[in-house]
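One structure is given here, and the rest of the page talks about it.
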Amino acid sequence: MTSRETLGTEGVTLAYGTTAVVHDVTLSVGEGGVGLIGESGSGKTTLARALLGLLRPRSGTVRYGSRDLASLGRKGRAEFRRAVQPVFQDGSEALDPRMTAGASIAEALTTHHRMGRRERHDRVAELLGAVGLDPALAARRPHEMSGGQRQRVAIARALAVEPGMLVLDEPTSALDVTVQARILDLLERLTAERGLGHLLITHNLGVVGRLCGTSHVMFAGRVVESGPTGTVLARPAHPYTLALRDAVPRLGGEPPRASGRTEAAPAETGCPFRLRCPYAVDRCRDEAPAPRDLDGRRVTCHRAEEVLSGLAPVAGGERTGPGAPRQ
Ligand code: SF4
């Protein structure tokens, strides 16, 4: 097992109790970065938990390199936990409030490497420098730092074990807009310099363009559109992706809401998105769409060609603009 293994899922379904919350998801994360996009409750964080080995699939396989995560022995799991590092929404989740920043980073260093005091001190200073912090900050505890500083320390702690991959779960959404931009700059630089694979989980389409070569858009536990980020963002083929893109003109702010009836729960029959979808027709009620390849991406929508073309006949065949919700 090397530090540059890919991480992925093959037909993964995840459930809490008897309720499936992620359905049949296949994706692969390597160098270049992958975005997992969707609103709260779409299943993206649950999927990330499975990718981190914290949740077992009901069916399907989570793979690290060529190996099934569930089949890793004790040594293999220890190596996996070192090689794949999470960074959460709020840096304080990764930091012990009683420990200084320096002690938190040093603790991660010595978990996987033996090193003397001097070497440890130098390495902590080097890691703080790498995330753009003054090494003097090593003496501070989490409550003595700003949110942005805490997130930088959390990133330094993740880097301390020399991972091959970062799982970034909404890493900037708890921060002020200007601080978000700086943390994204930092992540962009660090992942490029160190050749790190990364999965970026976000509700904000605005951030994936910079950090992710590939993106998957999730709704109600299903991937509804995936492909090269530039293709998906420039010309969405799924009405949900289109609504997300149009709702996010800026970095930060409120989570985007899909157009149409934004509060409607996923439909239990037919297409799960149909109760919100301005493109819905009778077929969407009667038949769940299957994933298919279209114009350089994979999309799960009966009317993707019309979404791409910008035309959307409503039920009854009359042509209207794409923004007209079906009543
Ligand atoms: Fe909308 Fe129908 Fe496409 Fe579902 S299948 S996203 S309801 S047009």
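Positions are given from 1 along the sequence. Hydrogens, waters and symmetry mates are skipped; everything else that's a heavy atom, side chains included, is used. Both ligands and their constituent atoms are indexed starting at 1 by order of listing.
The protein atom (non-hydrogen) at minimum distance from atom 5 (S) of ligand 1 is H302 N, 3.3 Å. Here the heavy atom of the protein found nearest to atom 3 (Fe) of ligand 1 is C301 SG, 2.3 Å.
For the residue pair T6/R63, the side-chain donor-acceptor check at 3.5 Å is not satisfied.
Atom 1 (Fe) of ligand 1 lies under 2.8 Å from an N, O or S atom belonging to C277.
One finds a salt bridge joining R118 and D122 here, because a Lys/Arg side-chain nitrogen approaches an Asp/Glu carboxylate oxygen to under 4.0 Å. Between E107 and R98, none of the side-chain N atoms (NZ, or NE/NH1/NH2) sits under 4.0 Å from a carboxylate O, so this pair counts as no salt bridge. Remark: D169 does not engage K44 in a salt bridge, criterion side-chain N to carboxylate O under 4.0 Å. Of the charged side-chain nitrogens involved, at least one lies within less than 4.0 Å of a carboxylate oxygen, so that E39 and R276 count as a salt-bridged pair.
Using a 4.0 Å cut-off to heavy atoms of C271, the atoms of ligand 1 that qualify are 4 (Fe), 5 (S), 6 (S), 7 (S). The atoms of ligand 1 that sit less than 4.0 Å from any heavy atom of C284 are 2 (Fe), 5 (S), 7 (S), 8 (S). When each atom of ligand 1 is checked for a heavy atom of Y279 under 4.0 Å away, the hits are 8 (S). Within the listing of ligand 1, atoms 6 (S) sit less than 4.0 angstrom from a heavy atom of H238.
Proximity of the aromatic rings of H238 and F273 is defined here by a centroid distance below 6.0 angstrom, and this criterion is met.
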